[in-house]
Each structure stands twice: as C-alpha cells, then as structure tokens.
Amino acid sequence: MSSDLAAPTAALEAQLLLDTFRGIDLGVVWLDEQARIVLANDFFAGWARTDAAALAGRPLAALVDDLTPDHWQTIRHAADTRVPPRLTMRGSDGRPHVLEVRARAVIEGGRELTALLLIPIADRIEAEAIDGLQREVLESIALGRPLRSVLDLLCRRVESLAPEVACSVLLVEKNGTVTPIAGPSLPPAYVDALHGAPIGPRAGSCGTAAWRREAVEVTDIATDPLWADYRDLLHILPMAACWSTPIIAGNGEVVATFALYYRTPGAAPPFHRRMVEACVPLCRVALQHEANRTEIERLAYFDPLTGLPNRRLFTDRARQTLQMAVRVQAPGALLLFDIDRFKTTNDSLGHSAGDEVLRETALRLQAETGENATVARLGGDEFAAMLPRCSPVEAMHAAERLRLALAAPLRIAGMQIEVSTSIGIALFPQDGVELERLVKNAEMAMYEVKRGGRGASRFFTTTMNDVVAQRMQMESALRQVLAAGGLALHYQPKMYLDGSGCAGVEALVRWNDPQLGSVPPDRFIALAEECGLIGAIDAWVLETACAQLAAWQRDGVPVPNMSVNVSPLRFHSDDVPAQVQRLLSLHGLKPSALMLEVTERVMLSDDERTRVDLRTLHEMGVRLSVDDFGTGYSSLGYLKRLPVSELKLDKSFVADLEQEASDRALADAVIGIGQALGLQVVAEGVETPGQREWLARAGCLVAQGYLFTRALPAAELVAWLERERSGWLPRRLTAVPVGHAGGGALAA
Ligand SMILES: Nc1nc2c(ncn2[C@@H]2O[C@H](COP(=O)(O)O[C@H]3[C@@H](O)[C@H](n4cnc5c(=O)[nH]c(N)nc54)O[C@@H]3COP(=O)(O)O)[C@@H](O)[C@H]2O)c(=O)[nH]1
C-alpha cells in the first residue's frame, strides 16, 4: 500500500462524493424531514426536466406519483428492509418510470437529512413480467391444455402486459394458406376473413412474414404496399400497424405467425420486442407439443402401414355405432375380410409386395364404402368394415361389391397379381349388439368361407355356432385324451400280391372316447392340424410305432417294416429327422425298417426346411412313401427330384377298378410310373378278390385293404399273422424296388 497519500480532508471527501453522485446514472437526492429537496444530482434533475439548482426546496411529492406521508415514513426507515420501497416518476414522454429506493440518514450541520438513491428498475420489471408469462404458458402446455387455449392464453397475457396491442397467432398450412388459431382481441369478422388466405410476397404482415421467413414490421397499414390487397378489411380492423414474426419449426418449415397489432401507426417499443423474442419460442414449443400429441395419437389409433383406424379405434367407433343402432333401432352389418393365402404372397413376392397388397386393399375398401362406414385394419391381413343403417340385402350387395373390388388385378413390382378375399358378415341387432359377439360371429362366417374354398362372402348363421361348439368340445376332449395317453395304434398289413407274406404294416391312430365314442381319424386329424395338436399326436404315433416294431422284431413276428403317417404341418414346426434318429438308436432299428408316409403336398412344399428334412431322412436311410398318390396335384416332377421309395395308389382309384375303365387307366398309369422310376407301388383300399387279381396282373406288387384285414390292435395283428403265415407261398425272387434312382433290387 502506498504511504505517500495524505488522508483526505473532510471538505475534499465531501467534494469527491458529491462529484461522484453528480455524474452517476442513478438519481440521488437529499431531503429534509418534510421530504423537501436539499440537493439533487443532475440525473434526478433530468427526470424532473429541470436544473439541479432549481430543485432545492421543492417537495419530492410534487415530482413523484406516489409519495404519501406514510410512504415517506416507510422510505425514511427502510434502510434495512428486504424489499426496498418504490417510487414512480413520469418521464419526459409521460411514461411512468418505476424507481427502487435505497435510503440513508445523514447528519448535516446538526440536522438530519435523508439521502435517497433512486434506481430505475423498468427493465427488471419487464423481465419479471415476461418470465411470468413464460412460466404460465409453459405450465399450460405441460398440463396438456388444447393448443387453441394455450395460444389464447399467450395472447391475453401479452395484451395485459401491453394494453395498446392486440395479439394473434395464425397457423400456416402445408398448402400455403393460413388458419387463425388465436386472436382474442381482434374483431371476429376480421379473424374469419383470414381463414384460408394465401401467404405471399404482398400478403399483409403475417402472410408476407410466412412467405419471406422473416419478421415483417408494417408501421402504417393504411399506406404500406404489403397491405394493398387487404385494405378493404380495414373497415372491420381498427388497427394501424402490425408486426408479424414467423414461427419456424425444427424441420425448417414455417408453421405459424405471431403478430402484434397497434391502434396507432408506429414502430414497436423495446419492451414489445423483448416480449416477441420470448413469445416466438413459446409458440414453437406449443406447436411442436401439439404435433407430438397428434403423432402419438395417430400411432395409438391408426395403422401406420395403411393409415386406417387400428383395432383400438375400430372398437371404439364400432361400439358407438352399435349403441346408436340400438337407440334408433336401425340395423347394420359388420364385415370381416381376410386376404386368402396372404402368407404365400408375402413368402413368394417378398414383404414389400405384401405391404403393397395391404395398402391397396385398404384404399379399395375405403373407396367402396360410404362415409358413414368405419373401415379398419384389425391386424395382419384382416380388415373390418362396420356398416350402419344397412339391411341384410344391402350388406350382401356391399360384401359382393367389396369382394369384386378387392379381386381386381393389381400391379406390384411389375407383376400383375390377383388377390382373393374371404368375407364373413354378421348383422346387428340379430347376430348380437355387443361388439365382441358380433366380431366372433363374423369371424365364424369368414372361417366357413375359408373352409368352403375361399374367395366368397357368407352370413353368420346360428348353426355355425353349433358347429363351433362341437368343434370346441372335440378339441378339449382331444387335448385331454392326448395328455392322458388315451390314443391307441392299430396296424394294417401291406401284403405281397404274389401271396408270399407281409411287406410291412401301416400304423394308424385310433381314438375311442368315453363320451364321443370312436372318433374317426379323418375328423380328429384335421382338427388337430387346425388347433396345433398334430405335432404331439404324430410324435406319439412315431414313438409308439417304433417301440412296437422293435418289440415284434425281438419276438420274431414277421413284420419287416413299419409305415407311419407324418402330417405336412409337422415338418414346419418339429425336427422330424432328429426325433427319428433318436428313436432308431433307442430301439436299435435299421433306418430302412421305417417308412414315413407323406402327402404330395409335402413333396411339393416350397418350404426349404421341409425339403432339407426330406433329404436328411433319405440320407439317414429312412424311406419315404407318397400317400394318396395321384389325388391332388398334377406335377410329378418331384418324383425325379426327391428321395421317394414308395407310391401309394389311392383307394379312390382302387374302389371301382372292376367297373370303371378310367380308374383302371389311372391305376395302370400309377403302376407304370412306379415301375419306370423303380418305386414300390402299394395299392390301398383293396376290398375284393377281383381288385387284387387286376392289380397283380397290372404289375402291382403290394396291396393293403379290408380284403386282407382292417387295421388291428398289435396283439390281434400278431394272431392274424400267425393264422395267415401257414398259407404264405415261398417268396419268389422278384424285382422289388427298395429305393429311388437305384432301380429295383432283388429281394428274397
Ligand atoms: N398324420 C396322421 N394321419 C393319420 C394317422 N393315422 C391315420 N391318419 C390319417 O387319417 C386318415 C384316415 O385314416 P383311417 O380312418 O385310419 O383310414 C385308413 C384305413 O383304415 C383305411 N383303409 C384301409 N383299408 C381300407 C379298405 O379296404 N377300404 C377302405 N374304405 N378304407 C380302408 O384307409 C386309411 C389309410 O389311409 P392312408 O394313410 O392314406 O394309407 C388317413 O388319411 C390317414 O392317413 C396318424 O397317425 N397321423
């Protein structure tokens, strides 16, 4: 610290302080006990529009708005108060200046003076006001108030802070027009006139601001060329100036304008500019919030692929339709649509083609149903249409019209494809007035269409209900019998037609139910396929048949080979080769002792996994037989490609062999194909000696049928074989094909 500075004299100190206070940008004034001015600095004098010297002796109350005797006492004793008192002085423009007061008592010449430091706080007050506005609007957004009321609140708060303005917000639509959303103090007729007005280079303040993407401040509407096209609105708009700012969203789009209108011409004061700086981001947040909310709603209620209402929205609307239908007693219909073989389209043409089919289906359904209908995508390839005020006949016509519209060819990925649809119709009120029941009934009708061959429409009938009830009863009984191990296997021998004995047996599942009696496999196998039980049934059959064959081989029963049916569906879901491998090892069976009977459907499957499984089984040495050969498919190409060992000539060709030349021709052809390819042909359903003779003559080596015996339980089959065995002729050396592509092998 320097020590050569002399301590200031009292006079110097007073002079320095006075000079400092004179030059400071704060009002400083010394007052006597009656609040008369003793001394004031130039800054204060400037507020009072006079010289500092001219102020001496004047009462402060004459210069400020709000100095009452009580307030003066508060000010004098407010040195340590947390909230400083305030005074208001009028500026030269007549505007009030709010001053924060700091008071200090000073003794001068034995009398007590009060020194006041007067700090202008208009900026702080304005900032506080803008903060309050922001808080209130943000809270309103956070509380999820509708966009219109949020923006209305914003305008009203601005107008309360700046009573000389009217505030508005216009939405800018994607088509380049505006839609007023808030303007609480503007004349309604003017607001109405703005609806749909285009934005443009000379479109008033707002339309031009949106067009230019920048703020446009028109200080005199009556003369500014930007307002030329809108001047005829001035008779309903008591405004003279308008300053508009575009609201630009995060993606760069102008989504709205925020405007302040003035009753007198002129530019906006600084406070208004600060307010606009705060309001523009608030508008952006409110609009973004609204856009988010709309998007969330869209995702929750609409299917993103087709834009149709989803199941949730459909449920809601359909219930309302049903309530209304009950109230006004007007009938209607629910139509359920399911695209036929959509999975195949998806698998063969790819998922984007599948998506295109769904989108096109949605478009056609919407185009063909009236405005009153609710069309929805319920999921996957399932659509629904709720048709109010519609008679049964009208429902039938609508369903047919829609079916034809959906069947019209469509071009996807350069290809023309045709889509067929199955439609189930349930009517209200007769088929139900609760949505769940109605949907269930329409579904039943739709499944009936599927069962009947697809590509049609069908009304629900109560008899369907009975059929469904029966099916459900049977399904539950099947589950129980499977879990309780109540199924049984019977075995039907395949006999050499030269009389030399048994070529093998076929295992056939049997269900004898305590309540339902003997249920034929034709009925429960199809049901098991539909309800997903077939895998478990076939796995059990395979396991039981392998165990039985091993037991017979141990006991010397002359059964060289076991045939087991495998449902096409099993190849999709189970690892058949792995199960076969495990069973062969477990029971010590040769793979060639097992024959798996599969349908032509399996052979023709596009499914890669099925093909791999068939090859794997063949490579393991297990033989494959084509069941019901010739009944379904025309393509025989698979016989060359796939590892088949046996063809089973379907019993429908055998039944009328003796009467029908065409059946004989077909049987001949199948036997010929087998011989040509070196495959064993087994004739099924041989019931008469005549059929047996004909088949033997035609070159068929093996047959199966009631002529020999029905399928028998294991013990009965053993007894049957015992009885028959004595009559068997010695085996001649016959060319019995045992595999594909290897030609016939000599079997003894
Ligand atoms: N996936 C599985 N399918 C199986 C299983 N067990 C049987 N099935 C299939 O069910 C269908 C009906 O079988 P079923 O009622 O057992 O009828 C078989 C024979 O009993 C019958 N048959 C035999 N000989 C004659 C005859 O002389 N006349 C006549 N009218 N019918 C006769 O034919 C059926 C044998 O069919 P196939 O399998 O085609 O050789 C049937 O499709 C079975 O495949 C199983 O465990 N799993």
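Computed from a predicted structure; not experimentally measured. For the single chain, residues carry numbers from 1 onward in sequence order.
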Assess whether atom [atom1] of [X] is packed by more than 12 heavy atoms of other residues, nucleotides or ligands within 6.0 Å.
X: R284; atom1: CZ; result: yes
X: R389; atom1: CZ; result: no
X: W30; atom1: CH2; result: yes

Next on the checklist: Looking at every heavy atom in both F428 and P388, which two are closest together, and how far apart are they?
Outcome noted: CZ-CA, 4.5 Å

Next on the checklist: Please find the pair of heavy atoms, one from L387 and one from A373, that lie closest to each other, and give the distance.
Outcome noted: CD2-CB, 3.6 Å

Give, for atom [atom1] of [X] and atom [atom2] of [Y], the distance between the pair rounded to the nearest 0.5 Å.
X: L282; Y: I141; atom1: CG; atom2: CD1; value: 6.0 Å
X: I130; Y: F271; atom1: CD1; atom2: CZ; value: 5.0 Å
X: H71; Y: L60; atom1: NE2; atom2: CG; value: 9.5 Å
X: L299; Y: T294; atom1: CG; atom2: OG1; value: 11.0 Å
X: E126; Y: M275; atom1: CD; atom2: CE; value: 8.5 Å

Item to check | Pair N175, T177: side-chain N/O donor-acceptor within cut-off below 3.5 Å | outcome: yes

Any sub-3.5 Å donor-acceptor pair from [X]'s side-chain atoms to [Y]'s backbone N or O?
X: E443; Y: L336; answer: no
X: W72; Y: E33; answer: yes
X: R148; Y: A182; answer: no
X: N310; Y: L313; answer: yes
X: N41; Y: F21; answer: yes
X: S205; Y: C242; answer: yes

Hey, is [X] close enough to [Y] for a salt bridge, meaning N to O under 4.0 Å?
X: E360; Y: R364; answer: yes
X: R298; Y: E295; answer: yes
X: D66; Y: R86; answer: no
X: K174; Y: E253; answer: yes
X: R156; Y: E136; answer: no
X: R145; Y: E290; answer: no

Side-chain touch [X]/[Y], heavy atoms, less than 4.5 angstrom:
X: H272; Y: Y262; answer: yes
X: L287; Y: L171; answer: yes
X: L116; Y: L99; answer: no

